[in-house]
Structure formats: C-alpha cells, structure tokens
Amino acid sequence: MTAAVSTRRPSRLRWRVVDIVVAAVLGVAAGLVFLAWNLGYQVPGSILEAALPGLQGLVNGVWLFAGVLGALIIRKPGAAIFTELVAAVVSALVGNQWGSFLTFEAGIVQGLGAELVFLAFLYRRWTLPVAVLAGAGAGLFGAVNDLFLWYPGSGPAFASIYLVSSVVSGAVIAGGLSWVLARALARTGALSRFAAGRESARV
C-alpha cells in the first residue's frame with residue numbers, strides 16, 4: 001500500500017507528452033486572442049481611464065486567462081506559467097506595442113500569480129472558487145508589474161484603483177470564464193485523456 005501511494009503521487013504531477021502538446025496548443029490559441037485584444041482593448045480602456053484613472057485595469061483579464069485555463073486542463077505544476085508564457089511569446093513574435101522582452105516578462109509574472117494559487121492547494125483543487133482565486137492572483141501580480149514598469153510614480157489612489165480593477169478583472173474573466181470554458185471543453189470529450197475530462201464525464 002505504501003509503495004503504491006509513493007509511486008502514484010509523482011506520476012500524477014509528472015508531465016506527459018500529451019500535456020506539453022495540449023498546453024502549447026492552448027497557449028498558441030490564447031496568444032491569438034491576445035493579438036486581437038492588443039488592439040481591441042484601447043477603446044474600452046480609454047473610456048474607463050477617462051471615467052476614473054486606474055479603472056482601465058478592468059480590461060486586463062483577457063491577457064490573464066491563458067495560465068488559468070492551461071492549469072485547469074493540464075493540472076500539473078508549471079502549467080499556468082507555461083501556457084501564459086506561450087501565449088505571450090505568440091503575441092510578441094507577431095508584434096505588439098510593448099516589445100518582446102516586456103511581453104515575455106509579463107507572461108511569466110502573470111502566470112506565476114495564477115500558479116502560486118494552484119500550488120497553495122497542492123494541485124488538488126480545481127473548483128470554481130480556486131479558479132477565481134488563481135485569476136485574481138494573476139491580476140494582482142500583473143497589476144503590480146504594470147505599476148512598476150508602466151506607471152512609475154503613480155499616486156496611491158491610482159495604484160489602489162488599478163490594483164483592485166485588475167484583480168476583479170482577473171477573477172471574473174481569467175478565473176470564472178476560464179473555469180466555464182474548461183468545463184465546456186471537457187463536455188465535448190476533447191479532454192478525455194485528462195483528469196478534467198474524466199471528472200466532467202462522471203458528473
């Protein structure tokens with residue numbers, strides 16, 4: 001019994017070839033969404049910023065969903081960082097207004113924010129509340145990163161509003177909507193080789 005448990009736990013967390021392939025595909029697909037949002041965010045972002053400086057953080061959630069979605073499907077250590085980074089690489093290689101290095105850096109930081117939440121639950125809890133917390137974590141890490149790089153010297157009011165807006169956006173879009181999307185994909189049978197797909201089949 002002890003030997004069986006000791007060998008089962010590492011295999012649950014060990015990456016398979018299919019995990020790498022699917023995580024990469026998810027990252028590329030998310031990167032294409034990022035590319036569209038790199039342009040599409042400007043109108044709503046400008047309106048929100050004009051209404052209340054810092055409120056533009058509400059548009060950030062779209063750039064955060066890759067890591068949460070990847071982790072919910074792959075369920076392995078590093079999945080959130082890997083998927084978010086692949087999406088950032090796609091966005092950077094095609095070209096955006098922020099440059100390659102800062103885009104890569106943002107992807108790592110945002111993915112780390114989600115990753116740490118799943119780690120806190122020992123990669124065993126994949127419920128909606130945990131997904132929402134992971135999205136909020138990505139939003140928090142991403143917002144802090146933005147404040148250092150893009151809004152240096154901003155006042156406490158702006159920083160607070162931007163942080164809260166980003167966390168809310170991350171929780172709702174990257175967290176809640178990614179959980180819904182993962183469940184929808186699982187119901188199609190496309191995730192039958194993953195725990196997420198088998199779990200959905202039992203419901």
Side-chain angles (χ1 to χ4, degrees), residues 15-46 48-49 56-119 131 134-152 162 165-167 169-170 172-175 177-179 181-182 184-185 190-191 193-194 196:
W15 282 69
R16 305 165 298 169
V17 173
V18 67
D19 296 325
I20 298 171
V21 172
V22 171
V25 170
L26 288 171
V28 171
L32 297 177
V33 174
F34 288 5
L35 286 172
W37 193 236
N38 290 346
L39 299 175
Y41 88 96
Q42 295 181 13
V43 172
S46 298
L48 290 168
E49 184 177 10
Q56 66 265 36
L58 289 174
V59 307
N60 290 345
V62 178
W63 287 303
L64 308 173
F65 83 95
V68 179
L69 180 62
L72 289 173
I73 291 174
I74 306 301
R75 299 188 175 185
K76 302 289 172 66
I81 296 175
F82 179 82
T83 313
E84 189 74 30
L85 180 58
V86 171
V89 168
V90 171
S91 174
L93 290 181
V94 176
N96 61 44
Q97 56 269 53
W98 300 288
S100 297
F101 175 78
L102 290 178
T103 302
F104 298 160
E105 185 267 349
I108 294 172
V109 171
Q110 293 160 2
L112 179 62
E115 188 76 42
L116 289 175
V117 173
F118 293 117
L119 173 61
L140 176 62
F141 275 51
V144 171
N145 188 60
D146 289 348
L147 288 170
F148 274 109
L149 294 178
W150 302 106
Y151 303 108
Y162 189 80
S165 299
S166 295
V167 169
S169 183
V172 174
I173 299 176
L177 291 186
S178 289
W179 186 84
L181 181 56
L185 287 171
L191 305 179
R193 299 187 65 181
F194 297 87

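Predicted model, so just to flag it, every value in this text is computed and none were measured.
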Search all heavy atoms of Gln56 against all heavy atoms of Tyr162 and return the closest pair with its distance.
CG-CE1, 4.1 Å
Atom CZ of Arg193 and atom CG of Asp19: how far apart are they, to the nearest 0.5 Å?
9.0 Å
Partners of Phe104 by ring pair (Phe, Tyr, Trp, His ring centres under 6.0 Å), sequence neighbours excluded?
none
Side chain to side chain contact (heavy atoms under 4.5 Å, CB included) evaluation trace for Ile74 with Val22
CA-CA 8 Å; Ile74 306 301; Val22 171; 4.0 Å; yes
Is a side-chain donor or acceptor of Ser91 paired with a backbone partner of Ala87 at a separation under 3.5 angstrom?
no
Just how far is it from atom OG of Ser166 to atom CG of Leu64, taken to the nearest 0.5 Å?
7.5 Å
Criterion side-chain hydrogen bond (donor to acceptor under 3.5 Å, both in side chains) on Asn60 and Ser169, from CA distance to verdict:
CA-CA 6 Å; Asn60 290 345; Ser169 183; over 6 Å; no
Of all residues at least two apart in sequence or in a different chain, which pass the side-chain contact (heavy atoms from CB on, under 4.5 Å) check with Val167?
Ala136, Leu140
Nearest 0.5 Å, please: how far is CD1 in Ile108 from OG1 in Thr103?
11.0 Å
Within the side chain of Trp37, is there an N or O that forms a donor-acceptor pair under 3.5 Å with the backbone of Val59?
yes
Would the distance check show the side chain of Glu115 and the main-chain N or O of Ile81 forming a donor-acceptor pair, the cut-off being under 3.5 Å?
yes
Looking at every heavy atom in both Ala131 and Trp179, which two are closest together, and how far apart are they?
CB-CB, 3.9 Å
Those residues that, when tested against Phe141, pass ring pair (Phe, Tyr, Trp, His ring centres under 6.0 Å) (two or more places apart)
none
Shortest non-hydrogen pair, Val68 vs Ala114, comes out as CG2-CB, 4.0 Å
Rounding to 0.5 Å, atoms CG (Leu72) and CZ (Phe118) come to a distance of 4.5 Å
Does atom CZ (Arg16) have a neighbourhood of more than 12 heavy atoms from anything else shown, all under 6.0 Å?
yes
Apply side chain to side chain contact (heavy atoms under 4.5 Å, CB included) to residues Glu105 and Asn145 and explain how you reach the verdict.
CA-CA 9 Å; Glu105 185 267 349; Asn145 188 60; 2.6 Å; yes
Heavy-atom closest pair (Gln110 atom, Ala138 atom, distance to 0.1 Å) is O-CB, 3.4 Å
Can you give me the closest heavy-atom contact between Ala174 and Gly135, atom names plus distance?
CB-CA, 4.1 Å
For Val62 and Ile173, which heavy atoms make the closest approach, and how far apart are they?
N-CG2, 3.9 Å
What's the separation between atom CG in Leu69 and atom CG in Leu185, rounded to the nearest 0.5 Å?
7.0 Å
So CZ of Phe34 and OH of Tyr41: to nearest 0.5 Å the spacing works out to 14.0 Å
